*Asks:* 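Dropping the structure in here first, questions after.
Everything numeric here is computed off the predicted structure, so don't read it as measured data.
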Protein chains: 2
Amino acid sequence: VTGHLTIALDAMGGDNAPQSVLNGANLARKRFPHVRFLLFGDESRLAPMLDRLPRLKKITTIRHTDQVVTDDAKPSVALRSGRGSSMRLSIDAVQEGAAAGIVSAGNTGALMAMSKFVLKTLGGIDRPAMASFFPTLRGESVMLDLGANIECTADNLVQFAVLGEVFARTVLGLVRPTVGLLNVGSEELKGNEAVRTAAARLKEMNLPIDFHGFIEGNDIAAGTVDVIVADGFTGNIALKTAEGTARLYSEFLRQAFRSSTVSALGYLLARPALRKLRRRVDPRRYNGAVFLGLNGIVVKSHGGSDSLSFATAIGVAVDMAVNGFLDTIRGELERLQSAGSMDQPAAAVKA
Amino acid sequence: VTGHLTIALDAMGGDNAPQSVLNGANLARKRFPHVRFLLFGDESRLAPMLDRLPRLKKITTIRHTDQVVTDDAKPSVALRSGRGSSMRLSIDAVQEGAAAGIVSAGNTGALMAMSKFVLKTLGGIDRPAMASFFPTLRGESVMLDLGANIECTADNLVQFAVLGEVFARTVLGLVRPTVGLLNVGSEELKGNEAVRTAAARLKEMNLPIDFHGFIEGNDIAAGTVDVIVADGFTGNIALKTAEGTARLYSEFLRQAFRSSTVSALGYLLARPALRKLRRRVDPRRYNGAVFLGLNGIVVKSHGGSDSLSFATAIGVAVDMAVNGFLDTIRGELERLQSAGSMDQPAAAVKA
């Protein structure tokens with residue numbers, strides 16, 4: 001079976017699982033004919049569903065478990081007592097080399113804790129970060145961290161910059177992605193200690209990174225840079241603020257079209273174009289938060305994922321595997337460490 | 001001249017000053033016939049402009065100065081050497097009781113530093129915060145801090161909650177505004193030390209505040225609460241991320257309408273309704289960042305203010321004065337301190 005790529009799926013994670021996971025895999029199958037699936041979950045539920053998707057069934061192996069990590073489980077508890085869960089077993093599959101990556105729509109904190117425990121962080125990286133795509137005026141950007149690390153040191157931010165840059169290069173296919181640090185102003189003296197120190201290091205270090213400097217909140221959607229680096233507190237709030245604003249705007253638009261018969265007619269005429277607009281900002285097309293910095297490919301699909309969202313998340317895992325994200329980032333980190341341009345992990349760790 | 005209210009205007013601050021300041025005052029005059037203006041700036045430029053606005057001229061007094069705080073001046077330098085500037089003299093007018101409030105579109109950092117130095121903070125408040133309105137699905141909300149305080153203690157956040165609540169009550173006219181703390185999740189254990197401690201205090205303190213608990217980024221535009229409390233770093237980034245996202249959406253909308261002749265026709269039909277939409281999200285209608293926590297009313301208009309923006313900012317200052325914001329907040333803070341439910345400033349200060 002040379003040329004095949006296996007992705008492990010946590011079939012039981014997410015509000016609409018397992019149906020959305022199976023339907024998502026069935027959609028992804030059409031886009032990626034070389035992909036095979038390892039499906040972790042309750043066989044008595046999965047097998048009959050798979051029987052109704054014969055093409056997916058052909059390329060899928062079910063690995064039975066009836067243990068599930070619930071959405072409200074604490075990460076520490078999930079880690080201790082979830083060793084037989086569908087989430088844990090699918091991560092184990094990556095660690096054992098049975099799968100090239102894993103996708104789960106389950107409990108984010110548990111997925112991060114288990115992934116760190118099982119896969120370990122890459123040498124030179126203290127903490128993994130969550131990254132995701134954003135639509136911008138110029139195309140797409142990557143932002144990290146989106147909430148895995150609430151408090152970050154300057155070292156963490158520098159490491160996120162390296163991770164994000166390699167991700168943009170391998171997955172977005174950019175030759176020389178630009179990187180910006182999210183701040184409250186573009187002047188050197190602005191912001192907190194961590195962003196100021198990180199900016200100084202990214203400038204003085206001999207990194208092969210096109211570091212743009214500080215950017216502000218409005219630069220995210222403007223597409224000023226390809227990679228936006230932030231601590232997890234700020235990044236998470238920026239992500240959700242953008243989502244909320246897009247929802248507000250689209251609701252106001254809906255109300256505007258409904259406000260008179262003539263504007264409703266205008267809506268009918270413009271509908272195909274407006275559908276395209278909706279598609280451009282559809283959060284399901286930007287689904288798939290990637291855990292970067294681990295010895296393995298882990299993609300978190302949104303908890304409320306439908307099949308299209310889940311297929312997008314699978315696509316991200318496949319793109320990372322096919323484009324050799326892990327080899328590239330390992331090479332980059334080794335090169336940086338041997339050049340002495342990044343601090344050793346021990347010195348950079350902060351409890 | 002009983003019943004008149006005087007507002008001091010820094011005529012020389014902002015990209016389009018002094019013309020936008022004068023035109024803005026002329027617009028505000030129509031909405032607030034009882035308002036009088038004290039105009040600080042270069043008389044040789046202001047007098048001829050005012051001659052062309054005879055109705056405004058009747059209610060305006062020019063106070064000449066040729067010193068101006070530039071946009072790139074450091075706050076500390078402006079404070080030391082800007083004692084004769086239009087910005088400083090207009091703040092002095094508030095301190096001396098010659099004006100009920102001051103509006104400037106000039107250098108934000110300098111305006112904050114001078115306002116703090118001249119007007120001092122209210123008893124019980126360690127640091128003033130910047131607040132502004134946001135359009136939401138439910139109407140309007142107030143968010144603070146928007147960038148005056150990059151790092152905040154739990155005490156700062158609790159004080160911002162009190163300031164924002166009184167502002168929403170007096171200016172938005174809400175009887176019992178709800179208050180939320182911006183965080184990365186709604187569970188008690190989420191977030192950094194400062195927000196967790198602040199939330200615990202807002203719950204246990206016997207404050208007359210309807211504290212909702214934590215909110216997330218998407219709750220801002222959803223209008224989940226009336227007052228959103230955040231540190232200045234997070235608040236600034238959320239504000240600008242929302243602005244950038246609205247711009248992205250409106251650009252995508254423009255492109256959608258232009259994508260075909262039929263959708264362009266649809267646009268023509270829906271235009272009046274879409275104009276209303278644009279008006280609903282027009283940032284000029286939400287202009288005017290208020291400095292809360294000072295012994296005086298200080299409103300910062302956007303640096304790029306046009307006359308409509310500047311008129312909106314004047315309107316905020318007038319609303320605060322007319323609705324007795326300062327008396328209400330002073331009463332509230334006294335009551336809280338005598339009840340012992342707020343820490344004394346000395347204990348709360350952190351360098």
*Asks:* Please state whether the side chain, the backbone, both or neither of B/Ile150 comes within less than 4.5 Å of a heavy atom of chain A.
*Replies:*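 B/Ile150 touches chain A through side-chain heavy atoms alone.
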*Asks:* Could I get the full list of ring-ring contact (aromatic ring centres under 6.0 Å, His included) partners for A/Tyr249, not counting sequence neighbours?
*Replies:*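 Once residues adjacent in sequence are excluded, the partners of A/Tyr249 under the ring-ring contact (aromatic ring centres under 6.0 Å, His included) criterion are B/Tyr249.
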*Asks:* Other residues, nucleotides and ligands only: do more than 12 of their heavy atoms fall within 6.0 Å of NE2 on A/His212?
*Replies:* yes
*Asks:* Hey, is B/Arg127 close enough to B/Asp145 for a salt bridge, meaning N to O under 4.0 Å?
*Replies:* no
*Asks:* Does a side-chain heavy-atom distance below 4.5 Å link B/Pro75 with B/Met112?
*Replies:* no
*Asks:* Quick one: what part of B/Leu146 sits under 4.5 Å from any heavy atom of chain A, side chain, backbone, both or neither?
*Replies:*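 For B/Leu146, no heavy atom lies under 4.5 Å from chain A.
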*Asks:* At their closest point, which heavy atom of A/Leu144 faces which heavy atom of A/Ala129, and how far apart are they?
*Replies:*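 Shortest heavy-atom separation between A/Leu144 and A/Ala129 comes out as CD1-CB, 4.0 Å.
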*Asks:* Decide side chain to side chain donor-acceptor pair (under 3.5 Å) for B/Ser301 and B/Ser305; before the verdict, give the C-alpha distance in whole Å, the side-chain angles of both, and the deciding distance to 0.1 Å.
*Replies:* CA-CA 7 Å; B/Ser301 191; B/Ser305 290; 2.6 Å; yes
*Asks:* Does either side chain, that of A/Ser141 or that of A/Asp226, offer a donor lying less than 3.5 Å from an acceptor on the other one?
*Replies:* no
*Asks:* Side chain, backbone, both or neither: which part of A/Ile237 has a heavy atom under 4.5 Å from chain B?
*Replies:*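 Both parts, backbone and side chain.
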*Asks:* Evaluate side chain to side chain donor-acceptor pair (under 3.5 Å) for A/Glu216 paired with A/Asn183, printing each intermediate quantity in order.
*Replies:* CA-CA 5 Å; A/Glu216 298 188 61; A/Asn183 198 354; over 6 Å; no
*Asks:* Which atoms of A/Ala222 come close to chain B, meaning under 4.5 Å heavy atom to heavy atom: side chain ones, backbone ones, both, or neither?
*Replies:*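 The answer is neither part of A/Ala222.
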*Asks:* Chain B: which of A/Val184, A/Leu248, A/Thr234 shares the most heavy-atom pairs with it under 4.5 Å?
*Replies:*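 Option with the greatest count: A/Val184.
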*Asks:* In plain terms, say whether B/Lys240 and B/Glu243 are close enough for a salt bridge, that is, a side-chain N and a carboxylate O under 4.0 Å apart.
*Replies:* no
*Asks:* Looking only at heavy atoms, which two atoms of A/Val227 and A/Pro177 are closest? And how far apart?
*Replies:* CG2-CB, 4.4 Å
*Asks:* Answer with side chain, backbone, both or neither: which region of A/Asp219 has an atom nearer than 4.5 Å to a non-hydrogen atom of chain B?
*Replies:*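 No part of A/Asp219 comes within 4.5 Å of chain B.
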*Asks:* Need one label for A/Asp72: side chain, backbone, both or neither, based on atoms under 4.5 Å from any heavy atom in chain B.
*Replies:*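 It is neither, since no heavy atom gets under 4.5 Å.
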*Asks:* Below 4.5 Å from any heavy atom of chain A, which atoms of B/Ala238 appear? Answer side chain, backbone, both or neither.
*Replies:* both
*Asks:* Do you know which of B/Leu239, B/Leu253, B/Leu274 has the most heavy-atom pairs under 4.5 Å to chain A?
*Replies:*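 Counting heavy-atom pairs under 4.5 Å, the top option is B/Leu253.
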*Asks:* Hey, which of B/Ile220, B/Val195, B/Leu137, B/Asn192 has the most heavy atom pairs under 4.5 Å with chain A?
*Replies:* B/Asn192
*Asks:* Can you name the residues of residues 256-272 of chain B that have some heavy atom under 4.5 Å away from a heavy atom in chain A?
*Replies:* B/Ala256, B/Phe257, B/Ser259, B/Val262, B/Ser263, B/Leu265, B/Gly266, B/Leu269, B/Ala270
*Asks:* Going by the side chain to side chain donor-acceptor pair (under 3.5 Å) test, name the single residue among B/Asn149, B/Asp155, B/Asn156 that passes it with B/Thr153.
*Replies:* B/Asn156
*Asks:* Please rank B/Arg247, B/Glu251, B/Gln255 by heavy-atom pairs under 4.5 Å with chain A and give me the top one.
*Replies:* B/Gln255
